[in-house]
S.K.: 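This is the structure I have questions about; it appears just below.
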Amino acid sequence: MSSIDHAQLESDSWFGAVPAERRALLLAQASVRSVAAGTRLYGVDDPPDGLWAVLDGQVRLIGYPAVGAELVVLMMGPGTWFGELSTLDAGPRPHDAVAFGPARVLHIGIDAFRRLAGATPELWWDIALLACAHQRASLAFMMNTLAQPIPVRLARTLGASRAPRAGAASNFARRISPR
């Protein structure tokens, strides 16, 4: 991983708030891979496989709320982390994660994360903060969306379809220390 990749990841408000020694532990266990457009990183109901981050390109989280319906839940650009929910609760993946165009992604496998968190329990707190940041972003999105007339919703959706800036999906993270 290059110094540019490190800087990109650290520009994310969640990862940048993780203390440097814990960031280094996580990154030491990470692998980087390039994927083609349409590559499925994981799918609905897959078992948890760890944490992911986008280094280049875009990854979309896609849900299926009804038979035959597809819903883009989240579009993530460089610096954005995802996959924390199943990493935390060991439950199946709630959506597909698919590369939208060519992408480079970082992956920290579930076994590696669990070993690290066993030795450094503060990592569980760190990952919980990522989940909280995503939950807050989801709630804010729902509140802003549901309160708007349909033409405004459409305009916002079309505007959001452009590639997000670095860390856009997790910009609500706060620097909080475990008790």
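All heavy atoms count here, side chains included; hydrogens, waters and symmetry mates do not. Just so we're clear, the structure is a prediction, and the values are computed from it rather than from any experiment.
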S.K.: List the residues meeting side chain to side chain contact (heavy atoms under 4.5 Å, CB included) with Pro151, not counting sequence neighbours, and say none if there are none.
M.R.: Pro149
S.K.: Could you pull out all donor-acceptor pairs under 3.5 Å where a side-chain atom in residues 25-38 meets a protein atom, sequence neighbours excluded?
M.R.:
none

S.K.: Spell out, as yes or no, whether a donor-acceptor pair under 3.5 Å connects the side chain of Asp12 to the backbone of Thr80.
M.R.: no
S.K.: With rounding to the nearest 0.5 Å, note down the distance linking OG1 in Thr87 to CD1 in Ile108.
M.R.: 9.0 Å
S.K.: Taking distance alone, no hydrogens or angles, what donor-acceptor pairs closer than 3.5 Å link side-chain atoms of residues 109-121 to residues at least two apart or in another chain?
M.R.:
none

S.K.: Can you tell me how far the OG atom of Ser86 sits from the NE2 atom of His95, to the nearest 0.5 Å?
M.R.: 7.0 Å
S.K.: Going from NE2 on His134 to CG on Leu85, what distance comes out if it is rounded to the nearest 0.5 angstrom?
M.R.: 10.5 Å
S.K.: Got a sec, which pairs hit salt bridge (Lys or Arg N to Asp or Glu O under 4.0 Å) with one end in residues 35-54, sequence neighbours left out?
M.R.: Arg40-Asp46, Asp49-Arg93
S.K.: Looking at Asp96 and Val98, would you say the former's side chain and the latter's main chain have a donor-acceptor pair under 3.5 Å?
M.R.: no
S.K.: Rounded to the nearest 0.5 Å, how far apart are OG of Ser138 and CD of Gln135?
M.R.: 6.0 Å
S.K.: Do other residues, nucleotides or ligands put more than 12 heavy atoms under 6.0 Å from Leu88 CG?
M.R.: yes
S.K.: Check whether any side-chain heavy atom of Phe82 lies under 4.5 Å from a side-chain heavy atom of Val59, and answer yes or no.
M.R.: yes
S.K.: Please work out whether the ring planes of Trp81 and Trp14 are parallel, tilted or perpendicular, with thresholds of 30° and 60°.
M.R.: perpendicular
S.K.: Under the side chain to side chain contact (heavy atoms under 4.5 Å, CB included) rule, collect the residues that match up with Leu71, sequence neighbours excluded.
M.R.: Pro65
S.K.: When you look at Met1 and Leu9, which way does the side chain to side chain contact (heavy atoms under 4.5 Å, CB included) test go after all the steps?
M.R.: CA-CA 11 Å; Met1 209 168 43; Leu9 292 171; 3.9 Å; yes
S.K.: Grab the two heavy atoms, one from Leu61 and one from Ala97, that are nearest each other, plus how far apart they are.
M.R.: CD2-CB, 3.7 Å
S.K.: Which residues pass the salt bridge (charged side-chain N to carboxylate O under 4.0 Å, His left out) test with Asp56, sequence neighbours left out?
M.R.: Arg104
S.K.: Residues two or more places apart in sequence or in another chain: which of them pass side chain to side chain contact (heavy atoms under 4.5 Å, CB included) with Leu154?
M.R.: Leu158
S.K.: Hey, what do you get for CZ (Phe15) to CG (Leu106), rounding to the nearest 0.5 Å?
M.R.: 8.0 Å
S.K.: Using the salt bridge (Lys or Arg N to Asp or Glu O under 4.0 Å) rule, collect all pairs that involve residues 61-84, keeping only residues at least two apart or in two chains.
M.R.: none
S.K.: How would you list, by chain and number, every residue that makes a side chain to side chain contact (heavy atoms under 4.5 Å, CB included) with Pro19, sequence neighbours excluded?
M.R.: Glu21, Arg22, Asp126
